[in-house]
Structure formats: structure tokens, C-alpha cells
Amino acid sequence: MTMQEDDKKIEDMTDEDWKNKLTQEQYEVCREKGTETPFSGKYYYSKDKGVYKCVCCGNELFKSDAKFDSGTGWPSFYQPVEEENVDYRSDYSFGIERIEINCKKCGSHLGHVFDDGPRPTHKRYCINSISLKLAKENNENEEE
């Protein structure tokens, strides 16, 4: 599901609105900071070209050109479309410090970033497929 122009503004969305807008799995990952099972996401093996957007609000997050096979079980990117499209937060949820990545526009949890990626950034944005939708290149329709 996607945000429509006639929907509530992002900042006015309540938990109940998000529950009605998203699937249960999307809600658990995006709004409750869950994680999908490794190697299970629809975009992990995807080689399709385009722009990966936030499933909650449509904010452009990652380009397929920045996607790489990290072998971790989640889609991985070495940089976002624009730095200002993502938000970074310290996450101590498993007794270690990690950097959580969220959509800057709606606050949706996307995944985490690590310092073990390829050049040129040496970053690995490890992202849950379920938090993304792909706007394929040369195709105006987005996958649902």
C-alpha cells in the first residue's frame, strides 16, 4: 500500500492509521523496528533497475546502482539517494551499539548501516525489503 494525496499528512498519522495502511509484517518492521528473516525479502535477490522508496511514504531512499550483494540476507546499498532522505540513530537494542537507519520523512525503520561496505563509501546499508518498494526504471508503476 502507498500513501495517496488524499490520505492524512505523514505527521498526522497515528499508530492506528499505520496499522490500517500497512500489512501486519510491514507494520512490525517499519513502525515497531522489527527485522525480516534473512534471505526472505523480495528485493534481496533483485537485479531490477530503479529507485527503492519508503513503503510508508514514498520517500526516495536508494538507487539500484548502489545495491550490492553483501551475503548477509538483506538488500544492501553503499549509499542513499540523498543523505537528507535518511536519519541515523544509535541503537543499543542487542547490547551492542549499532546505527539504525530510518526514513527522514516518516520515521519508518529501514535497517542499519555498518562500516564494512564496498568503495567508494565503505558503508553497508543493510535494509529490510519489506520497508521498501521499487519504482522500476522506465516504468512508472511501482511494485506493491
Side-chain angles (χ1 to χ4, degrees), residues 1-68 70 72-117 120-144:
M1 295 184 186
T2 59
M3 295 291 296
Q4 303 295 321
E5 288 195 11
D6 59 342
D7 286 345
K8 284 186 175 183
K9 291 182 179 177
I10 298 293
E11 59 271 13
D12 295 334
M13 295 282 287
T14 65
D15 279 342
E16 197 60 35
D17 293 328
W18 287 119
K19 285 179 183 176
N20 291 328
K21 172 73 62 194
L22 304 170
T23 67
Q24 180 179 347
E25 294 83 9
Q26 287 170 330
Y27 182 82
E28 289 171 4
V29 170
C30 298
R31 308 316 299 177
E32 296 184 326
K33 302 179 187 282
T35 302
E36 65 191 3
T37 305
F39 303 100
S40 68
K42 75 188 260 183
Y43 297 126
Y44 178 67
Y45 296 103
S46 177
K47 303 285 188 214
D48 292 333
K49 297 290 184 192
V51 177
Y52 290 89
K53 297 181 176 186
C54 177
V55 74
C56 294
C57 70
N59 189 18
E60 291 188 353
L61 300 169
F62 302 96
K63 291 183 180 178
S64 60
D65 294 346
K67 189 173 186 280
F68 68 98
S70 65
T72 61
W74 293 275
S76 296
F77 304 86
Y78 61 80
Q79 69 185 14
V81 169
E82 297 288 341
E83 279 295 325
E84 56 266 15
N85 291 5
V86 295
D87 187 42
Y88 301 87
R89 296 183 185 174
S90 293
D91 174 6
Y92 299 96
S93 61
F94 287 99
I96 57 169
E97 182 180 12
R98 299 182 297 165
I99 304 299
E100 178 187 0
I101 303 301
N102 296 296
C103 174
K104 186 93 171 214
K105 186 174 178 182
C106 72
S108 176
H109 172 74
L110 304 171
H112 293 85
V113 65
F114 303 94
D115 291 325
D116 60 1
T121 64
H122 300 284
K123 300 288 185 191
R124 173 174 51 95
Y125 290 80
C126 193
I127 307 298
N128 291 288
S129 285
I130 204 160
S131 67
L132 303 172
K133 63 182 172 188
L134 176 61
K136 291 184 181 179
E137 211 171 78
N138 300 321
N139 183 351
E140 296 194 19
N141 293 329
E142 293 174 352
E143 291 185 1
E144 292 293 324

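The figures here come from the full heavy-atom set of this structure, side chains too, leaving out hydrogens, waters and symmetry mates. Nothing fancy with the numbering, it's 1 onward along the sequence.
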_His112 and Ile99: CA distance, side-chain angles, deciding distance, side-chain contact (heavy atoms from CB on, under 4.5 Å) verdict_ = CA-CA 5 Å; His112 293 85; Ile99 304 299; 5.9 Å; no
Result for ring-ring contact (aromatic ring centres under 6.0 Å, His included) between Phe62 and one of Phe68, Tyr125, Tyr52 points to Tyr125
Could you grab the distance from atom [atom1] of [X] to atom [atom2] of [Y], nearest 0.5 Å is fine?
{"X": "Cys56", "Y": "His109", "atom1": "SG", "atom2": "NE2", "result": "11.5 Å"}
{"X": "Ser76", "Y": "Tyr44", "atom1": "OG", "atom2": "OH", "result": "7.0 Å"}
{"X": "Met13", "Y": "Asn20", "atom1": "CE", "atom2": "CG", "result": "8.5 Å"}
{"X": "Leu61", "Y": "Leu134", "atom1": "CG", "atom2": "CG", "result": "11.5 Å"}
{"X": "Cys106", "Y": "Asp87", "atom1": "SG", "atom2": "CG", "result": "11.0 Å"}
{"X": "Leu132", "Y": "Phe77", "atom1": "CG", "atom2": "CZ", "result": "5.5 Å"}

Heavy-atom closest pair (Lys133 atom, Tyr43 atom, distance to 0.1 Å) is CA-OH, 3.5 Å
Salt-bridged, [X] to [Y], with N to O below 4.0 Å?
{"X": "Asp65", "Y": "Lys67", "value": "no"}
{"X": "Asp115", "Y": "Lys123", "value": "yes"}
{"X": "Glu84", "Y": "Lys104", "value": "no"}

Greater than 12 external heavy atoms within 6.0 Å of Lys63's NZ: no
Checking [X] side chain against [Y] main chain: does a donor-acceptor pair fall under 3.5 Å?
{"X": "Asn85", "Y": "Glu60", "result": "yes"}
{"X": "Ser64", "Y": "Gly50", "result": "yes"}
{"X": "Glu32", "Y": "Val29", "result": "no"}
{"X": "Ser108", "Y": "Cys103", "result": "no"}
{"X": "Thr23", "Y": "Gln26", "result": "yes"}
{"X": "Glu36", "Y": "Ser129", "result": "yes"}
{"X": "Asn128", "Y": "Ile130", "result": "no"}

List the steps and the verdict of side chain to side chain donor-acceptor pair (under 3.5 Å) for Arg98 and Ser90. CA-CA 6 Å; Arg98 299 182 297 165; Ser90 293; over 6 Å; no
Is it true that the side chains of [X] and [Y] contain a donor and an acceptor less than 3.5 Å apart?
{"X": "Tyr88", "Y": "Glu83", "result": "yes"}
{"X": "Asp17", "Y": "Thr14", "result": "yes"}
{"X": "His122", "Y": "Asp116", "result": "no"}

Query - Minimum side-chain heavy-atom gap Arg124-Thr72 below 4.5 Å - result: yes
